[in-house]
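Throughout, residue positions are numbered sequentially from 1 according to the sequence presented. Note that the coordinates shown come from a computational prediction; the quantities given were computed from them, not determined experimentally. Remember, it's 1-based here, ligands and their atoms both numbered in the order they're listed.
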Amino acid sequence: MNELSLDVCAKNLGKHGFEIEIVSSLEEAGNRLREEIEKIHPQTVSYGDSITVRKTGIVEELRQRKDLMFHDGFNPDLSREENMEERRKGLIADLFFTGINAVSVTGSLHWLDMVGNRIAPLSFGPKRVVLLTGKNKLVSTPEDAVKRIKEIAAPQNVARHPGFNTPCAKTGKCHDCNSPQRICNAWLTIERCFPKGRILVILIDEELGL
Ligand code: SF4
């Protein structure tokens with residue numbers, strides 16, 4: 001089912017202007033990210049927080065590199081204000097990468113964000129965007145994508161941040177809250193990639209992330 005979905009999804013995303021690659025493992029996806037960096041020689045790189053991206057080890061590698069400027073908005077050594085400034089700079093990085101909350105096999109990409117730093121550069125800014133996603137993020141329709149995000153991704157995302165005082169932190173379900181710590185603030189759907197090929201989607205044949 002998922003094998004078929006990956007192929008169908010890739011075909012439909014391709015029709016919508018996205019560059020697509022299917023890889024068999026997270027390791028392969030991480031190597032593809034490294035290849036991309038060597039290929040385009042970006043002067044500046046940034047990222048939006050993503051369990052899948054972090055698992056590749058690329059964030060630690062970029063923190064060590066001296067040949068490019070890495071705008072790391074999740075640096076534990078920086079204050080919140082300093083991290084926010086890094087995220088602002090990341091909006092116009094040459095290369096930006098992150099994960100995806102849900103992918104419709106009909107060929108659209110979907111996110112729900114708290115701060116907005118993850119979704120803003122996906123629409124415009126960075127010259128090149130690379131997105132990693134596990135096969136567990138695939139759904140049948142854009143409506144199912146919204147449902148997946150609200151019912152699975154958002155409550156589970158809250159659960160991995162201890163100290164969040166939202167209703168979903170207690171029940172594991174979304175209550176469409178009005179909490180100051182609400183993580184569900186801004187939606188992004190990308191239906192077509194413009195310019196064509198600006199966004200590379202790497203579909204990974206493994207279950208990864210939330
Ligand atoms: S809207 Fe509130 S309750 Fe629902 S998932 Fe988001 S943070 Fe949790």
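Among the atoms of C177, an N, O or S atom is found under 2.8 Å from atom 2 (Fe) of ligand 1. Distance check for C174 against atom 8 (Fe) of ligand 1: none of its N/O/S atoms falls below 2.8 Å.
In the vicinity of A154, heavy-atom distances shorter than 4.0 Å reach the ligand 1 atoms 5 (S). Each of the following atoms of ligand 1 lies closer than 4.0 Å to a heavy atom of D176: 1 (S), 4 (Fe). Taking every heavy atom of I183 and a limit of under 4.0 angstrom, the matching atoms of ligand 1 come to 7 (S). Heavy-atom proximity to H175, at under 4.0 Å, picks out these atoms of ligand 1: 3 (S), 4 (Fe). Annotation for ligand 1: atoms under 4.0 Å from non-hydrogen atoms of K150 are 1 (S). Atoms of ligand 1 lying under 4.0 Å from any heavy atom of C168, numbered from 1 in the order shown and given with element: 3 (S), 5 (S), 7 (S), 8 (Fe). Each of the following atoms of ligand 1 lies closer than 4.0 Å to a heavy atom of R182: 1 (S), 7 (S).
N83 and R80 form no side-chain donor-acceptor contact under 3.5 Å, judged by distance and modelled atom types alone.
Considering only non-hydrogen protein atoms, atom 6 (Fe) of ligand 1 sits nearest to C184 SG, 2.3 Å.
In terms of hydrophobic clustering, with Ile, Leu, Val, Met, Phe, Trp and Tyr side chains grouped at heavy-atom distances under 4.5 Å, V103 and V129 are assigned to a common cluster.
For the pair K135 (side chain) and L6 (backbone), a donor-acceptor distance under 3.5 Å is absent.
The aromatic rings of F70 and Y47 lie parallel to each other, their planes meeting at an angle below 30°, with 60° marking the opposite boundary.
The pair E36-R32 counts as a salt bridge, with a side-chain nitrogen and a carboxylate oxygen less than 4.0 angstrom apart. Ion pair D72/R63 flagged as a salt bridge, since at least one NZ, NE, NH1 or NH2 atom sits closer than 4.0 Å to an Asp/Glu carboxylate oxygen.
Relative to the six-membered ring of F97, R128 misses at least one condition, a distance below 6.0 Å or an angle of at most 45° to the axis.
Put simply, no part of Q181 is less than 4.0 Å from ligand 1, judged by heavy atoms.
Hydrophobic clustering, defined by side-chain heavy atoms of Ile, Leu, Val, Met, Phe, Trp and Tyr closer than 4.5 Å, leaves I152 isolated from every other such residue.
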